[in-house]
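The structure appears right after this line, and notes come after that.
What you see below is based on every heavy atom in this structure, not just the backbone, and it leaves out hydrogens, waters and symmetry mates.
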Amino acid sequence: MRTIDSSPPASRLPLPDSLAAAAIRPGDGDYDNVRHTYTRTGSPAAVIRVRDHEDIAAALAHARTAQLPLTVRSGGHGISGRSTNDGGIVVDLSALNAVKVLDARSGLVRVEAGARWGDVAAQLAPHGLALSSGDTGDVGVGGLATTGGIGLMSRLHGLTIDHMRAAELVLADGSPVRTDADHDPDLFWAVRGAGANFGVATAFEFQAKPVGDVIAAVTVFDAGDTAAFLTRWGAAVEAAPRTVTSFLTLMAGPGGKPVAQAMTVHAGADREAAREALAPVVASGPVLQNQAFVTPYHQLLPATHAAQHAQQPLAVSRSGLLEHLTEPAAAAIASLLVAARAPMVQLRSVGGAVNDTPSTSTAYAHRTQNFSLMAATLPAGRKNLDRHWEQLHPHLKGLYLSFETGTGPRQLQDAFPGAVLDRLMVLKSRYDPDHVFDNNFALPSADLPG
Ligand SMILES: Cc1cc2nc3c(=O)[nH]c(=O)nc-3n(C[C@H](O)[C@H](O)[C@H](O)COP(=O)(O)OP(=O)(O)OC[C@H]3O[C@@H](n4cnc5c(N)ncnc54)[C@H](O)[C@@H]3O)c2cc1C
C-alpha cells in the first residue's frame with residue numbers, strides 16, 4: 001500500500017497580500033485536499049486558487065522572481081501527474097469554472113478552464129447541446145482542451161479542439177490575450193495540441209453540437225485470443241458508421257485470463273439504427289456480458305469532484321496512435337497485456353470526423369489514424385512495459401500527449417511530427433522565450449536568426 005506524505009514543510013512561503021488571499025499553504029485546513037493529483041503526490045509551497053487573470057499574472061511573476069517551480073492545474077486529472085510539484089507554486093484554475101451558452105441557436109459556448117467536463121456536459125444538456133470531450137467527468141477542461149480531446153462521440157463530432165473557436169490565455173509576461181483564427185492565429189494553432197507550453201489558458205469558446213439521448217452498449221468480451229479479438233474489434237469499429245465510437249479496456253480477468261470491456265456509443269436515440277450500427281462491434285468476440293441502454297449523453301460522464309490523492313497507482317503510461325489494428329500490431333498490443341503484464345491497456349477509436357480536419361489546422365496533427373492506445377503500469381513495471389513497447393513502436397504512427405508520462409525528444413517527435421515540431425519551436429521562442437511553461441512536455445526553442 002502506498003503511504004501519502006501529509007507532513008507540512010518547515011516554513012510557510014511568504015506571499016504578497018493579493019496572492020495570500022487566494023493561497024492554500026501547508027498548515028491550512030484545505031491543503032491535503034489540493035496538494036496531490038490523480039496520479040502523483042505533491043508538496044507545493046502554495047496552491048493559488050486564482051480568481052482572475054490578475055491573480056495568474058501575480059502568481060507567474062512571484063514564481064519567476066522567487067525562482068520557484070511553477071505548475072498549472074485545471075482538473076488535476078492529468079495522466080502525466082505534473083499538475084503538482086514539491087516546494088513550488090501551483091496555479092489552480094478550479095475557481096474559474098463558469099459554463100455559459102453565448103448563442104443557443106449556433107451552439108456557441110464559453111467554458112472556463114477550471115470546469116470539469118462532466119459539469120460542462122450537464123450544463124449544456126438543457127440546451128440540447130454537447131461537446132465530445134472524453135470518457136471521464138472529473139477531467140478538467142484546461143488539460144484536455146490544450147491537448148486534443150478524444151471523446152465518446154469522436155467519430156461523429158471530431159476532437160474537442162476541433163470545435164474550439166477562441167482561447168483566452170495569460171502569457172509568460174502576465175499579459176492576457178484572446179486568440180482565434182483572426183487574432184494571433186499561430187498561437188491559436190499551437191494551443192490546440194501543445195497549449196500547456198504557451199501560457200495559462202483561462203477560457204475557451206467552442207461550437208457545441210446538438211446532442212440529445214445516445215445509446216450506449218457496455219460489453220465484456222472473453223479476450224483470451226487477444227490478438228485475434230483486437231483485429232476483429234478494430235475492423236468492426238472502422239467499418240461502423242460514424243455515429244459509433246468505441247473505447248476498449250483490456251485487463252486480466254478471473255484466473256488471469258484476458259477480458260475486454262467495451263463502451264460503445266451510438267450518438268443518436270433511434271433504437272433500430274443503434275441496433276444495426278452496434279451489432280458488428282458487439283459481435284467481434286465471445287460476449288460474456290452485454291447491456292445496452294438509452295441515456296442522456298451527460299449521464300455517461302458525471303463529475304464527482306472528489307479530492308485527488310494520487311488514487312491511481314498506475315503512474316507510468318505509454319501512448320501511441322495507429323492507423324489500423326493489423327495482425328502484427330494487435331499481436332504486439334496483446335503482448336503488453338500478457339507478457340509485459342500491464343494492468344491496463346486501453347484503445348479509443350478516433351478516425352471518422354477526427355480525420356476530416358486537415359493535419360495542418362491544429363498542432364495535434366494526427367488525422368489519418370483510427371485508434372489511440374494507452375498502456376499503464378505501476379512504476380515497478382516501467383522497464384518491462386518499455387521493453388515490449390519498443391516492439392510495438394514500429395506499428396505506431398504518432399502519439400497523443402494526454403496519455404503519455406514519458407518526456408524526451410522521441411515523445412515530442414512522435415506527438416508533433418516533422419514540420420509541426422519545427423513550427424512549435426519557433427512559436428515557443430516567440431511566446432515563452434524564458435521557458436516559464438516547461439513543466440509538462442517542454443518544447444525546445446528554435447535558434448532564431450538574430
Ligand atoms: C481517468 C481518466 C480518463 C481520461 N479519459 C480521457 C479520454 O477519454 N479522452 C481524452 O482525450 N483524454 C482523457 N484523459 C486524459 C486527460 O485529457 C488529460 O490527462 C488532461 O490533461 C487532464 O486535464 P486536467 O485539467 O484534469 O489535468 P491537470 O492535471 O489539471 O493538468 C494536466 C496538465 O495540463 C496542463 N494544463 C492544465 N490546465 C491548463 C491550463 N488551464 N492552461 C495551460 N495548461 C494547462 C498542464 O501542463 C498540466 O500539467 C483521461 C484522464 C484520466 C485521468
Side-chain angles (χ1 to χ4, degrees), residues 135 150 154-155 217-240 244-265 277-290 314 316-352 354-355 366 368-378 381-400 403-404 406 414:
D135 59 9
I150 298 172
S154 279
R155 290 184 73 248
V218 178
T219 316
V220 181
F221 297 98
D222 173 346
D225 191 353
T226 312
F229 164 70
L230 285 177
T231 313
R232 283 196 304 270
W233 175 81
V237 169
E238 282 195 54
V244 172
T245 298
S246 191
F247 286 12
L248 189 78
T249 301
L250 286 165
M251 61 206 133
K257 287 189 178 169
V259 293
Q261 176 166 309
M263 161 68 100
T264 309
V265 172
L278 295 172
V281 180
V282 174
S284 55
V287 173
L288 301 176
Q289 275 174 44
N290 184 41
L314 305 179
V316 172
S317 86
R318 296 288 170 261
S319 161
L321 295 159
L322 300 106
E323 291 196 324
H324 309 289
L325 291 181
T326 59
E327 284 177 24
I333 296 170
S335 82
L336 300 176
L337 183 74
V338 180
R341 294 177 188 245
M344 186 166 65
V345 177
Q346 291 188 325
L347 282 150
R348 288 171 168 79
S349 53
V350 277
V354 175
N355 295 348
H366 309 290
T368 59
Q369 293 86 337
N370 283 296
F371 301 97
S372 161
L373 169 71
M374 179 184 95
T377 192
L378 296 165
R382 180 199 310 261
K383 276 195 184 144
N384 202 16
L385 176 60
D386 281 346
R387 205 169 46 243
H388 289 272
W389 193 265
E390 281 310 306
Q391 286 156 28
L392 172 67
H393 194 258
H395 302 287
L396 302 176
K397 191 175 178 198
L399 175 160
Y400 175 44
F403 291 138
E404 179 65 47
D414 287 351

Looking only at heavy atoms, what is the nearest atom pair of [X] and [Y], with distance?
{"X": "H388", "Y": "A340", "answer": "CD2-CB, 3.4 Å"}
{"X": "A342", "Y": "L337", "answer": "O-CD1, 3.6 Å"}
{"X": "Q391", "Y": "P394", "answer": "O-CD, 3.4 Å"}
{"X": "A227", "Y": "A330", "answer": "O-CB, 3.5 Å"}
{"X": "S349", "Y": "S154", "answer": "O-CB, 4.2 Å"}
{"X": "A332", "Y": "H395", "answer": "CB-CD2, 4.3 Å"}

Roughly how far apart are [X] [atom1] and [Y] [atom2], rounded to 0.5 Å?
{"X": "L314", "Y": "T377", "atom1": "CG", "atom2": "OG1", "value": "6.5 Å"}
{"X": "T219", "Y": "M263", "atom1": "OG1", "atom2": "CE", "value": "10.0 Å"}
{"X": "R348", "Y": "L248", "atom1": "CZ", "atom2": "CG", "value": "10.5 Å"}
{"X": "M374", "Y": "R318", "atom1": "CE", "atom2": "CZ", "value": "11.5 Å"}
{"X": "I150", "Y": "L321", "atom1": "CD1", "atom2": "CG", "value": "6.5 Å"}
{"X": "D135", "Y": "T249", "atom1": "CG", "atom2": "OG1", "value": "7.5 Å"}

F247 side chain reached by L347 side chain, heavy atoms, under 4.5 Å: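 Result no, sub-4.5 Å side-chain heavy-atom pair not found.
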V244/V281 under side chain to side chain contact (heavy atoms under 4.5 Å, CB included): CA gap, chis, key distance, verdict: CA-CA 9 Å; V244 172; V281 180; 4.3 Å; yes
N370 side chain vs E323 backbone, donor-acceptor pair below 3.5 Å: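 Side chain of N370 to backbone of E323, a donor-acceptor pair under 3.5 Å: yes, one is there.
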Flag, side chain of N355 to backbone of Q369, donor-acceptor distance under 3.5 Å: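 Answer holds: yes.
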Full working for side chain to side chain contact (heavy atoms under 4.5 Å, CB included) between L250 and L336: CA-CA 10 Å; L250 286 165; L336 300 176; over 6 Å; no
Residue pair H366, V350: steps toward the side chain to side chain contact (heavy atoms under 4.5 Å, CB included) verdict: CA-CA 10 Å; H366 309 290; V350 277; over 6 Å; no
Derivation of the side chain to side chain contact (heavy atoms under 4.5 Å, CB included) call for L325 and V237: CA-CA 10 Å; L325 291 181; V237 169; over 6 Å; no
Partner set under ring pair (Phe, Tyr, Trp, His ring centres under 6.0 Å) for F371, not counting sequence neighbours: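 F371 satisfies ring pair (Phe, Tyr, Trp, His ring centres under 6.0 Å) with W233 once adjacent residues are dropped.
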Salt bridge (charged side-chain N to carboxylate O under 4.0 Å, His left out) partners of D222, counting only residues at least two apart: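 Scan of D222 (salt bridge (charged side-chain N to carboxylate O under 4.0 Å, His left out), adjacent residues dropped) gives none.
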Set of residues satisfying salt bridge (charged side-chain N to carboxylate O under 4.0 Å, His left out) with respect to R155, sequence neighbours excluded: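 For R155 there are no salt bridge (charged side-chain N to carboxylate O under 4.0 Å, His left out) partners, ignoring immediate neighbours.
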No-hydrogen, no-angle side-chain donor-acceptor test under 3.5 Å, E327 and T231: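 Side-chain D/A pair, E327 to T231: absent.
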